[in-house]
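Below is a structure I'd like to ask you about.
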Amino acid sequence: MVKKDGYTIQLENIHYLAPTTNSGTTIFFVLEGELRVTSAGQTFLLQESDLIVINHQQHYSIRGVTPNIVMKLQITGPFFALYYPAYFQYSFDCFSSGLDPGREKMVTLLRKNLANMMIATANGLENSVLESQSALFQMMLLLTRFFKNEHVSEDKLAVHDTRITRIIQQLEQQFDEPITLQSIAEQEYLSVAYLSRYFKKMTGLGFLQYLTQIRLEHSLEDLCYSSATISQIAQKNGFSSSKNFTTSFKTYYGKSPASYRRDFLAAPQALDKHQTPIPEVTPIKPSPAVLVKLSHYRQDAEKVSFMNEIPFEQKQIAISLGKQETIPRPLHILTIGELKKVLHHNVQTQIETAAAELRVRYVGIRHLIFGSTLLSEKETDETMPTSSPYANASLAIDYLKKLGISLFIRVEYQDISSDETLYFEKLTQFMQHMIQVYGSPYVKTWYFMYYEPYNTVASRKELQRVYLKLRDVIKSFHASIQVGSYLPFSERRETPLANHEWILQNRDAVDFIGFNANQNEAVDFTKSAQKDFIITKDYVLSKTQKLKRYLKENRWDKPLMLTNWNTLTGNTRYTNGTFFRGALIFQTVLAVSSEVAGLGFWINTELHEEDLSGRNIRLDGLELFHFFNGKRPAYFSLKFKERLRGKIVARGEHFVMTENEDGYQLVLLNCTNMNPLYSVEDSFLRDYRKEFHVQLDGLVPGEYQLRKFQFDRENGALYSKYWQLNSKHGLDSEIMDYIVQDAQPTLSVSDELITENWSFYAYLDVNAIQFYEFRRTL
């Protein structure tokens with residue numbers, strides 16, 4: 001046994017521990033065998049690796065079910081309160097086998113630090129005391145951060161001053177002296193009446209009751225393990241007389257001191273009349289085998305040590321199944337730039353992946369007529385030319401048609417106005433060729449979006465004239481082809497820009513409206529005040545709803561296509577790869593999907609940047625892939641949204657839950673709207689991490705397989721792996737392949753017996769997503 005001021009740690013074989021009241025906080029950690037602990041009207045069976053925390057002033061008893069090895073750590077109340085002044089306001093709820101799921105990592109860390117304490121103590125090296133106390137403080141931190149429950153009256157003082165700690169420490173140390181409430185009151189310059197009320201408020205017990213319990217607990221050892229008389233024991237432990245001792249003892253333990261001693265000596269652990277009774281507790285020295293076992297607990301905690309370093313904001317989520325909502329499924333448009341990009345091998349790989357996993361059914365293309373996809377016609381003396389200006393386009397469309405993917409074509413006003421006659425001539429020829437080769441059933445599924453940016457110099461009448469001419473040409477090939485227009489809309493003014501208001505006078509000629517919504521428009525990134533960035537919360541949804549409201553006021557009811565959008569990115573020169581946005585993207589996708597008919601994404605950074613026309617930083621769209629086929633956070637966020645099945649039965653700021661024929665799905669989100677520049681400093685991010693205590697009500701009871709996907713900066717984000725493996729000498733294909741394969745959200749699987757009301761804990765990093773699937777078993 002090692003006893004220090006404030007704590008004691010030892011290994012024991014516990015056969016029987018008579019009912020007693022705990023002083024301070026005690027942890028029992030079973031290394032071998034089984035224990036049965038009775039406390040607070042409950043019985044707990046502890047097997048190997050289990051641990052339990054017994055709280056201050058908690059009554060308990062223990063019986064060994066089998067021979068055992070138990071680590072026992074006792075921390076006195078005054079010592080704990082010295083470092084955590086609110087100690088007496090809380091109890092710690094920790095029985096390892098009875099905790100809600102999600103606390104496993106915390107228990108693993110408790111085991112690790114208990115093991116560290118005992119190993120350091122056994123080694124007896126120069127820095128053993130420092131190592132042992134470091135582990136002790138880590139455990140105290142874990143208990144106060146993740147396992148505390150308030151247990152005192154609601155009217156208790158919110159702020160705990162150090163006076164109560166000082167008084168309790170004095171009682172613990174001087175219990176055998178004639179100490180009184182009046183002497184303490186004089187010492188603290190308080191009235192007796194005030195101190196009496198204050199003490200009970202802070203501890204839940206009266207002053208004399210508290211002091212008596214301390215004296216009684218200390219008297220037990222003398223009563224059971226010494227031959228001292230009742231009068232001697234009373235005097236030794238601060239009681240004024242043996243009568244007072246006997247009365248208090250009987251009130252607390254239900255029997256007199258003499259009866260307690262007699263029952264203890266004749267306890268059932270005695271084998272027969274002629275044998276010495278088996279001791280209640282046998283101290284054990286740490287053997288090499290025990291130290292090896294303890295070292296395994298340290299190794300188990302290596303991957304979760306970070307949880308002990310970071311504060312979490314605690315939130316409680318109560319989810320009750322209610323009104324059902326349909327999961328929205330808008331069109332997903334994957335913009336690639338020019339059509340001929342489809343012929344690139346890496347682009348094909350990305351398109352196939354997006355089509356299979358993200359329900360992409362449209363490819364967005366630009367500069368179809370005057371770009372580089374259509375080849376120039378060449379003079380030839382062949383009767384039937386063997387070359388065609390549509391060679392690249394045909395190869396690309398052959399490929400897309402086999403995948404069931406259609407075209408979403410952006411038609412630039414500037415392209416048309418550069419040579420209007422030639423443009424419409426070539427467009428007509430192109431459409432004739434497409435109808436002839438691929439047939440009307442395929443071509444009629446295409447979308448054409450007329451586009452001119454907000455800062456146009458073209459007049460309202462000119463924009464209208466060109467659009468109507470474009471519509472007539474396209475519709476002449478098939479009336480079902482959708483022809484619409486982009487509408488620059490100001491979120492702040494809640495109106496479109498003046499030159500584009502022609503659309504309102506031509507509602508019957510516009511099949512759909514395309515628009516952009518980019519949170520980066522709403523803030524000045526040179527400012528750092530957090531309030532400047534809070535206004536971006538729900539910006540994309542807000543702009544979408546304002547546009548819909550404006551159109552409704554003008555008697556419009558046509559589909560909306562959100563072709564370009566983004567969450568906050570900041571200045572990507574400084575924040576690229578550091579600002580993880582997974583939850584923000586998921587939240588926006590889910591919210592906006594019910595408001596629009598189509599949602600656009602860029603395929604990758606390389607093709608997005610090609611469309612910049614000389615600009616350096618692109619903030620207006622989300623890319624799904626990196627140039628080497630790695631998946632960006634937007635990809636996984638969209639994949640999680642597409643993974644949702646059935647009906648949405650519960651929805652809130654931090655969660656969405658669905659029910660389907662196989663069970664339930666739950667998505668937890670830690671959405672954080674902040675200046676992205678803060679993301680380069682981990683110290684800023686710590687304040688935004690959250691702990692959720694999730695309570696699920698109304699589930700169908702039964703056995704479930706629980707699948708949990710975790711997606712955050714360290715689990716699924718590519719840049720974390722990229723920087724770990726980066727080298728000034730470059731990255732070859734082997735390293736790149738490893739990064740791409742390893743940068744996936746992590747998956748864990750467990751079997752759970754779910755009751756109608758089931759709860760668990762979850763810890764989410766900044767903008768993290770946790771996706772749970774509760775699958776019913778047969």
Side-chain angles (χ1 to χ4, degrees), residues 1 7-31 33-66 68-77 79-80 87-88 90-99 107 110 114 139-140 143 147-149 151-152 168 172 175 203-205 209-210 212-225 248-255 257 259-261 263-264 267-269 278-283:
M1 178 178 73
Y7 68 94
T8 302
I9 185 169
Q10 58 192 11
L11 290 177
E12 300 175 339
N13 174 18
I14 300 178
H15 180 74
Y16 175 69
L17 191 57
T20 186
T21 300
N22 189 46
S23 176
T25 297
T26 302
I27 302 176
F28 291 96
F29 177 27
V30 179
L31 303 181
E34 295 183 356
L35 291 181
R36 184 172 286 112
V37 178
T38 301
S39 178
Q42 292 182 280
T43 299
F44 306 91
L45 180 63
L46 275 68
Q47 299 175 313
E48 185 172 321
S49 298
D50 278 337
L51 60 83
I52 192 169
V53 174
I54 306 297
N55 288 289
H56 186 65
Q57 297 299 325
Q58 190 171 343
H59 200 65
Y60 74 100
S61 65
I62 299 179
R63 186 176 295 279
V65 178
T66 64
N68 53 72
I69 299 177
V70 180
M71 186 185 304
K72 177 183 177 183
L73 172 66
Q74 292 178 294
I75 309 171
T76 69
F79 179 84
F80 212 133
Y87 170 75
F88 294 106
Y90 296 97
S91 62
F92 305 116
D93 182 11
C94 183
F95 168 48
S96 56
S97 292
L99 294 173
V107 174
L110 285 174
L114 284 164
M139 277 186 286
M140 291 164 64
L143 290 175
F147 297 97
K148 69 183 180 185
N149 286 322
H151 67 87
V152 295
I168 290 174
E172 296 276 5
F175 68 92
T203 67
L205 296 173
Q209 185 182 9
Y210 194 100
T212 300
Q213 286 188 9
I214 294 175
R215 288 169 169 169
L216 288 172
E217 291 159 11
H218 283 277
S219 73
L220 282 179
E221 186 173 352
D222 294 326
L223 193 64
C224 297
Y225 295 106
S248 299
F249 194 98
K250 190 171 183 179
T251 299
Y252 199 69
Y253 291 109
K255 59 180 71 175
S259 297
Y260 191 97
R261 172 182 270 178
D263 292 346
F264 173 76
Q269 66 262 31
I278 299 174
E280 287 181 320
V281 176
T282 304

Quiz prompt | Student check: side-chain heavy atoms of T43 and R36 closer than 4.5 Å | solution = yes
Quiz item: Taking the side chain as C-beta and beyond, is there a heavy-atom pair between L35 and V65 under 4.5 Å?
Solution: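 Side chain of L35 against side chain of V65, heavy atoms only: no contact under 4.5 Å found.
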Exercise. Please confirm whether the backbone N or O of N55 pairs with a side-chain atom of S91, one donor and one acceptor, at under 3.5 Å?
Key: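 Flag not set: sc S91 to bb N55 has no pair under 3.5 Å.
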Quiz item: Closest approach of F29 and S49, non-hydrogen atoms and distance?
Solution: CE1-O, 3.7 Å
Practice problem: Kindly give the heavy-atom pair with the smallest separation between S96 and D50, and that separation in Å. | Solution: OG-OD1, 3.0 Å
Quiz prompt | Side-chain touch Y253/L216, heavy atoms, less than 4.5 angstrom | solution =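 A side-chain contact exists here, since the closest heavy-atom pair is under 4.5 Å.
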Quiz item: Can you tell which of F92, Y210, F80 makes a ring-ring contact (aromatic ring centres under 6.0 Å, His included) with H56?
Solution: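 When F92, Y210, F80 are each tested with H56, the ring-ring contact (aromatic ring centres under 6.0 Å, His included) holds only for Y210.
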Practice problem: Please tell me if the side chains of L73 and L114 come closer than 4.5 Å, counting only heavy atoms from C-beta onward. | Solution: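 Yes - at least one pair of side-chain heavy atoms lies under 4.5 Å apart.
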Quiz item: Do Y87 and T25 have side-chain atoms, one donor and one acceptor, less than 3.5 Å apart?
Solution: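 A pair is found: one side chain offers a donor N or O, the other an acceptor, under 3.5 Å apart.
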Self-check item: Validation row: L143, V53 side chains within 4.5 angstrom (heavy atoms)
Solution: yes
Quiz item: Is the shortest heavy-atom distance from the side chain of L31 to the side chain of L11 under 4.5 Å?
Solution: yes
Practice problem: For residues F28 and I14, determine if any side-chain heavy atom of one lies less than 4.5 Å from a side-chain heavy atom of the other. | Solution: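 Yes; the side chains approach each other to less than 4.5 Å.
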Quiz item: Any side-chain heavy-atom pair from Y90 and N149 closer than 4.5 angstrom?
Solution: no
Quiz item: If only atom types and distance count, is the side chain of N22 paired as donor or acceptor with the main-chain N or O of G24 below 3.5 Å?
Solution: yes
Quiz item: Hey, are S39 and Q58 close enough side-chain-wise for a donor-acceptor pair under 3.5 Å?
Solution: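 The answer is yes; a qualifying pair exists.
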